[in-house]
Amino acid sequence: MSKTCRPSPSTVDAEWTVRQVVPRSDWDAAVEPCPTCGDDVDLRESHYQVELDRERTPGQEMKLTRERRLLSFCDEACATAWLDSAASP
């Protein structure tokens, strides 16, 4: 199974639904910037992950009907701050 697309959407509109917010510790050696504070998030260490989901408008060649994004935050406070700002109009 391939990895989910990880690029952070700069804004989350009404199309995106938050599926889950969970503490994580992956075995992936990647480092990503926290969408809230910009600090490096080492995915091997404890961090928080927000899963976003939206329906795709399939073209004739596309079979997938859902798109998923995973955002990695350095801690729960950054995840909560990002979710609060995303929920505000």
Side-chain angles (χ1 to χ4, degrees):
M1 180 180 212
S2 65
K3 286 215 162 210
T4 299
C5 179
R6 283 197 179 266
S8 304
S10 55
T11 59
V12 176
D13 55 27
E15 293 180 356
W16 289 99
T17 302
V18 175
R19 302 298 284 173
Q20 65 177 348
V21 180
V22 293
R24 296 286 309 228
S25 183
D26 296 334
W27 294 100
D28 192 346
V31 174
E32 298 178 1
C34 175
T36 302
C37 69
D39 286 350
D40 285 342
V41 179
D42 184 341
L43 300 183
R44 293 173 295 186
E45 304 295 326
S46 295
H47 62 281
Y48 269 75
Q49 184 179 72
V50 173
E51 179 184 343
L52 302 173
D53 176 77
R54 74 176 175 182
E55 188 171 350
R56 295 177 89 176
T57 306
Q60 291 180 336
E61 296 109 26
M62 293 174 50
K63 292 182 180 180
L64 298 176
T65 60
R66 307 292 304 171
E67 182 177 2
R68 188 173 87 149
R69 298 257 171 119
L70 300 176
L71 306 179
S72 299
F73 295 86
C74 52
D75 57 26
E76 184 178 13
C78 278
T80 300
W82 187 87
L83 288 166
D84 288 346
S85 69
S88 303

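None of these values were measured; they are calculated from a predicted model.
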statement: In short, Arg19 meets Leu52 closest at the heavy-atom pair CG-C, 4.4 Å

- prompt: Val41 versus Val31: any side-chain heavy-atom pair under 4.5 Å?
  reply: no

task: Check step by step if side chain to side chain contact (heavy atoms under 4.5 Å, CB included) holds for Arg66 and Glu55.
output: CA-CA 5 Å; Arg66 307 292 304 171; Glu55 188 171 350; 3.3 Å; yes

query: Who pairs with Glu76 by side chain to side chain contact (heavy atoms under 4.5 Å, CB included), at least two apart in sequence or on another chain?
result: Tyr48, Thr80

task: Please list, chain by chain and in numerical order, all residues satisfying side chain to side chain donor-acceptor pair (under 3.5 Å) with Asp42, sequence neighbours excluded.
output: Arg44

field: Heavy-atom closest contact (Cys78 atom, Cys37 atom, distance)
entry: SG-SG, 3.8 Å

message: With side chain to side chain contact (heavy atoms under 4.5 Å, CB included) as the criterion, how do Glu51 and Gln49 come out once you've worked through the C-alpha distance, each side chain's angles and the decisive distance to 0.1 Å?
response: CA-CA 6 Å; Glu51 179 184 343; Gln49 184 179 72; 5.6 Å; no

field: Reported CD-to-CG distance for the pair Glu32 and Asp40, which is rounded to 0.5 angstrom
entry: 10.0 Å

